[in-house]
Every structure is written in C-alpha cells, then in structure tokens.
Trainee: 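The structure follows.
All chains are named by letter (A, B, ...) in the order of the sequence lines, taking the proteins before the strands, and each is independently numbered beginning at 1.
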Number of protein chains: 2
Amino acid sequence: MDYSLFLSHITRHIDLNKEEGDYFTSLLHYKKLKKKQFLLEEGEVNTKSTFVTSGCLRSYVIDKNTVEHVLQFAPAGWWIVDMRSYVTGSPARLNIDALEESEIFYINKPDFEDLYLRIPKFERFSRILGQNSLAAYQYRQIDNVALSAMERYRQFCQLYPSLIKTLPQKQVASYIGVTPEFLSKMLNTTLI
Amino acid sequence: MDYSLFLSHITRHIDLNKEEGDYFTSLLHYKKLKKKQFLLEEGEVNTKSTFVTSGCLRSYVIDKNTVEHVLQFAPAGWWIVDMRSYVTGSPARLNIDALEESEIFYINKPDFEDLYLRIPKFERFSRILGQNSLAAYQYRQIDNVALSAMERYRQFCQLYPSLIKTLPQKQVASYIGVTPEFLSKMLNTTLI
DNA sequence: TGTTTTTCTTAATGTACCATAAGTATTTTT
DNA sequence: AAAAATACTTATGGTACATTAAGAAAAACA
C-alpha cells in the first residue's frame with residue numbers, strides 16, 4: 001500500500017519517526033470508490049476523516065427544490081468531512097460522493113482520538129489543518145457575499161486552475177452558486 | 001483583572017493547574033473598545049487572537065459598491081479573527097469593530113506559538129476550537145446557498161436568540177445577505 | 001432639551017439571476 | 001457501433017431581490 005502522499009502531507013507540518021509513522025498507517029483504511037459512489041449520505045453520521053489520494057470527491061447539499069449545491073471539491077491531497085456530524089455525532093446534512101474513480105484513506109474517529117492521546121503531535125497537525133481550512137472557509141464566504149457571479153467564476157479559476165480543466169461545467173456552476181444555464185450564457189456572452 | 005469567563009471557556013476543553021493558568025493569563029492583553037472603534041482594518045495584518053468578554057464585535061467586508069457584508073458577530077465568550085491574515089501574515093480583507101462598548105482580551109501570535117510549545121495541551125484546545133468553528137462555517141455556507149432569505153432569517157433567530165434582541169435590524173440584514181429595506185419589507189409583509 | 005445621527009419603513013422602478021423548454025454535442029454503457 | 005445517459009447551449013419569460021428616494025421614529029449626543 002502506498003502511503004507516501006499521505007505521509008508527506010502529514011510531515012509538512014509535524015515530524016514523525018519510523019515507529020510513529022507505522023502506528024499512524026496502521027490506523028488507515030484504504031478504499032476505492034467508483035464514479036458516483038457515495039462515501040456519506042445525508043442523514044448518516046460522519047464517523048471518519050477521509051483523505052483523498054487519487055481522483056476527486058465532492059460534498060454537497062440538496063435543497064427542497066432538489067437542486068444540488070457543491071460545498072467542496074476534494075482532489076488528491078485533500079481532506080473531506082461533514083464537520084458538524086463528525087464532531088457532534090448528529091446526522092450529516094452533506095452528501096459526499098466521487099466525481100470520478102477515486103482512492104481514499106480514512107481513519108475512524110475513535111482511532112483518531114486514540115492517536116491524539118498516543119502521539120500528541122497530531123493535535124498540532126489537526127490544529128494547523130483546522131486553521132488553514134477555517135481561513136479558506138472565511139474567504140470563500142467573503143467571495144460569496146461580496147463578488148458577482150462572474151467574479152466568483154474568475155476567483156475559482158485562479159484558485160483551482162487544475163480543477164477547472166477536469167470538472168464538468170455543471171459542477172463548477174454548482175460550486176459558484178449559479179445554474180449551469182446561466183454559467184454557460186455568462187461564458188459565451190462576456191467578452192472580457 | 002477578571003479572567004474567569006475566559007478561563008472557564010478554556011477549561012471546558014482542557015484542564016489547567018494553577019501554574020499553567022497563571023502563565024496563560026500573563027500573556028493576555030486587556031482592551032476596552034468604544035462603539036465603532038476598530039480592532040482591525042482591511043489591509044492591516046491580523047497579528048492577534050481576540051476573545052470577547054463583554055459587548056459585541058463584528059467582522060465584515062466592504063464590497064466595491066461600498067456595501068458592508070457582516071461575516072460574524074462576536075458577543076461575550078466568542079473569538080474573532082481574520083484567519084487567513086493571522087496564519088499567513090497577509091493583509092486582512094476583514095474589518096473588525098465594536099458594535100457597542102466592549103471588552104476584550106487578546107494574545108499576540110508569537111506568544112500563542114510559545115504557549116503551544118510550553119503547554120502542548122493548548123494545541124488540543126485550539127484543535128477542538130478550530131473543528132467547532134469549521135462545523136459552524138460549513139453549516140452557515142449550506143444555509144446561505146440552500147435557503148431563501150426568510151429561511152435564513154429564521155435560522156438566524158434560532159441560532160442567536162439573544163443577538164436578535166440587541167442587534168439593529170440593519171446588522172442582521174447584512175449578516176443574512178439582504179438589504180435593510182428588503183428585510184424590513186419581508187418582516188412586515190410575511191404573515192406566517 | 002433640543003439637535004443630530006442613526007434606524008426603520010414604504011413604495012416605485014430596475015436587474016441579476018432562475019425556471020422551463022428544447023435542441024445539440026459529448027460521453028458512457030452495452 | 002448502437003443506445004442511453006449526461007453535458008452543454010440557446011432562448012423566453014419570470015421572480016427574488018436591489019436601488020433609489022424620502023419620510024417617520026428612535027437613539028445618541030451636545
């Protein structure tokens with residue numbers, strides 16, 4: 001099993017010796033997801049932290065008009081979770097599924113909690129990760145309230161240049177908060 | 001100086017002995033803010049973590065049409081920060097000011113970093129805090145994309161029953177993402 | 001206590017984006 | 001390679017919200 005991407009992601013923030021690395025990887029579960037396969041469905045409890053090593057997942061809600069709204073894309077190297085459900089054990093509001101064939105590692109919450117006690121450095125790791133995510137969520141929120149649809153599209157292209165090439169336009173539209181029809185029109189009308 | 005609210009907030013998540021508590025409080029700076037006084041202005045670097053002990057602060061952006069959009073309210077017991085600026089040292093996009101006369105404690109970032117090394121339990125504290133904030137931001141984002149203006153208003157009332165009584169309607173409008181005129185109309189037209 | 005500032009309301013007009021529909025192109029599946 | 005599913009485009013009409021303006025009420029200030 002190839003843990004290299006995951007381990008290098010961890011050691012960007014904390015040092016691990018051989019023994020610590022082995023203990024960490026012993027907690028990991030590997031899973032392959034087919035396109036459209038669910039990792040989490042609304043109403044279930046999100047009991048694990050998931051790290052993507054290949055492919056691309058997404059989290060999204062479905063509103064009462066059955067319209068999907070994408071909250072996050074998770075290509076290789078990203079984590080994905082319904083944090084409220086994970087922390088409190090409440091039913092998830094988010095769905096998480098694979099946009100293409102993907103590979104993930106996940107850690108069950110009780111194992112992660114043990115890990116914090118056994119190797120407290122992981123508290124630091126998660127603290128740093130949490131702060132970075134929070135920064136991203138704050139700025140996404142700012143963009144959503146302060147920018148027009150076209151500006152949000154440009155922001156997306158700038159922030160995720162690799163995703164814009166691989167994702168269907170429909171998914172991008174859902175992320176920036178417009179209908180696919182409107183995005184199509186916008187891209188084919190706007191001259192500058 | 002009364003540290004009790006702040007310390008009880010900390011000890012909800014980690015235990016501190018006398019010495020640890022003393023060291024922690026030795027890092028705190030107390031400040032009183034007048035109504036409308038700024039704690040952070042767009043373009044400055046957010047170099048401290050701020051905890052509110054009385055009154056109420058808010059963070060907000062100003063868009064290119066000079067409209068204010070409130071990102072967060074911070075009444076007593078809440079933290080407030082421009083996380084991207086704090087983590088990376090980049091210029092803040094957020095403004096933070098006081099909606100009424102308020103009291104805060106703040107910790108400078110270098111002191112907080114030292115605290116993590118000297119009392120690693122604080123890594124755990126911040127990790128938990130970060131996860132809770134992330135949960136809140138995820139769910140706020142969901143509400144923003146999946147709910148109508150009226151539903152967002154109701155959600156706000158449910159989530160912050162105390163704030164709804166004290167805040168000017170104008171500030172609530174800015175938080176839920178509508179103009180004050182529209183909120184007024186909505187509240188005086190909607191029968192149910 | 002009067003004056004200024006801020007907040008709230010009402011109403012007319014305007015617009016960014018949505019809903020629906022229907023056709024074409026592309027990808028996936030068999 | 002055919003069939004089916006999905007993705008993208010174009011067009012028409014509709015709506016949830018914004019903008020502007022202006023007056024009334026309430027709060028802050030001097």
Side-chain angles (χ1 to χ4, degrees), chain A residues 33-37 55-56 58 60-70 73 97-102 143-156 163-192, chain B residues 33-37 55-56 58 60-70 73 97-102 143-156 163-192:
Chain A
L33 296 172
K34 286 189 202 140
K35 189 169 177 168
K36 292 190 185 176
Q37 192 179 339
C56 187
R58 91 236 243 228
Y60 64 98
V61 239
I62 303 181
D63 70 21
K64 63 179 171 198
N65 304 318
T66 69
V67 177
E68 293 179 1
H69 302 270
V70 172
F73 296 114
D97 68 7
L99 288 170
E100 53 191 86
E101 183 163 301
S102 303
D143 289 341
N144 278 352
V145 297
L147 303 184
S148 70
M150 193 62 204
E151 289 167 328
R152 270 176 277 143
Y153 178 78
R154 293 215 184 86
Q155 185 68 16
F156 184 89
L163 280 181
I164 203 77
K165 289 170 202 144
T166 57
L167 288 176
Q169 220 175 82
K170 193 186 164 180
Q171 298 299 331
V172 178
S174 175
Y175 182 93
I176 65 171
V178 295
T179 57
E181 292 84 356
F182 185 74
L183 177 56
S184 170
K185 181 184 171 184
M186 205 167 65
L187 296 178
N188 294 310
T189 306
T190 308
L191 300 177
I192 295 180
Chain B
L33 295 171
K34 285 189 202 139
K35 189 169 177 169
K36 291 191 184 175
Q37 191 179 340
C56 188
R58 91 234 243 229
Y60 65 96
V61 240
I62 302 181
D63 71 21
K64 62 179 170 197
N65 304 319
T66 70
V67 177
E68 293 178 2
H69 303 269
V70 172
F73 296 112
D97 68 7
L99 287 170
E100 53 191 88
E101 183 162 301
S102 303
D143 289 342
N144 278 351
V145 297
L147 303 184
S148 69
M150 193 61 206
E151 288 166 332
R152 272 176 278 143
Y153 178 78
R154 292 217 184 86
Q155 185 68 16
F156 184 90
L163 281 181
I164 204 75
K165 287 171 204 146
T166 57
L167 288 176
Q169 220 175 83
K170 193 186 167 181
Q171 298 298 331
V172 178
S174 175
Y175 182 93
I176 67 171
V178 295
T179 56
E181 292 84 357
F182 186 73
L183 178 56
S184 170
K185 181 183 170 185
M186 205 166 67
L187 295 179
N188 294 308
T189 306
T190 308
L191 299 177
I192 297 180

Trainee: Does Ile176(A) form a side-chain contact (heavy atoms from CB on, under 4.5 Å) with Leu183(A)? I'd like the steps, not just the answer.
Mentor: CA-CA 9 Å; Ile176(A) 65 171; Leu183(A) 177 56; 4.2 Å; yes
Trainee: Check step by step if side-chain contact (heavy atoms from CB on, under 4.5 Å) holds for Arg58(B) and Leu167(B).
Mentor: CA-CA 11 Å; Arg58(B) 91 234 243 229; Leu167(B) 288 176; over 6 Å; no
Trainee: Rounded to whole Å, how long is the line connecting atom OH of Tyr153(B) with atom C1' of dC8(C)?
Mentor: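 In whole Å, dC8(C) C1' and Tyr153(B) OH are 13 Å from each other.
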Trainee: Base contacts versus sugar-phosphate-only contacts with protein, heavy atoms under 4.0 Å: please encode nucleotides 12-30 of chain D as B, S and - from 5' to 3'.
Mentor: -----BSBBB------S--
Trainee: How close do Ala98(A) and Lys34(A) get, counting heavy atoms only, and between which atoms?
Mentor: CB-O, 3.6 Å
Trainee: Any sub-3.5 Å donor-acceptor pair from Glu151(A)'s side-chain atoms to Ser148(A)'s backbone N or O?
Mentor: yes
Trainee: Using a 3.5 Å distance criterion without hydrogens, assess whether the side chain of Thr166(B) forms a donor-acceptor pair with backbone atoms of Leu163(B).
Mentor: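 Checking the backbone N and O of Leu163(B) against the side chain of Thr166(B), a donor-acceptor pair under 3.5 Å is found.
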Trainee: Roughly, in whole Å, what's the span from CG in Leu167(A) to P in dA7(D)?
Mentor: 11 Å
Trainee: Does Asp97(B) pair with Lys36(B) as a salt bridge, N-O distance under 4.0 Å?
Mentor: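 So Asp97(B) does not pair with Lys36(B) through a salt bridge.
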Trainee: Would you mind reading off the distance between Leu99(B) atom CG and dT7(C) atom C1', rounded to a whole angstrom?
Mentor: 14 Å
Trainee: Between dT24(C) atom P and Asn188(A) atom CG, what is the distance in whole Å?
Mentor: 17 Å
Trainee: Quick one: does Asn65(A)'s side chain have a donor or acceptor within less than 3.5 Å of a partner on Val67(A)'s backbone?
Mentor: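 No, Asn65(A) side chain to Val67(A) backbone: no donor-acceptor pair under 3.5 Å.
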Trainee: For the side chain of Ser184(B), starting at C-beta, report the closest nucleotide among dA7(D), dT9(D), dT9(C).
Mentor: dT9(C)
Trainee: Might you point out which heavy atoms bring Glu68(B) and Ser174(B) nearest each other, and give the distance in Å?
Mentor: O-OG, 3.0 Å
Trainee: Have a look at Tyr175(B) and tell me which of Phe73(B), Tyr60(B), Tyr153(B) forms a ring-ring contact (aromatic ring centres under 6.0 Å, His included) with it.
Mentor: Phe73(B)
Trainee: Expressed as a whole number of angstroms, how long is the span from Gln169(A):CD to dT27(C):P?
Mentor: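 So the two atoms are 13 Å apart, to the nearest Å.
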Trainee: Under 4.0 Å: is that the gap between some side-chain N or O of Lys36(A) and OP1 or OP2 of dT28(C)?
Mentor: no
Trainee: Taking OP1 and OP2 of dT7(C), is either one under 4.0 Å from a side-chain nitrogen or oxygen of Gln171(B)?
Mentor: no
Trainee: Looking at five pairs on each end of the helix from dT1(C)-dA30(D) to dT30(C)-dA1(D), what is the angle between the two axes, given to 10 degrees?
Mentor: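 It works out to 60° between the end axes.
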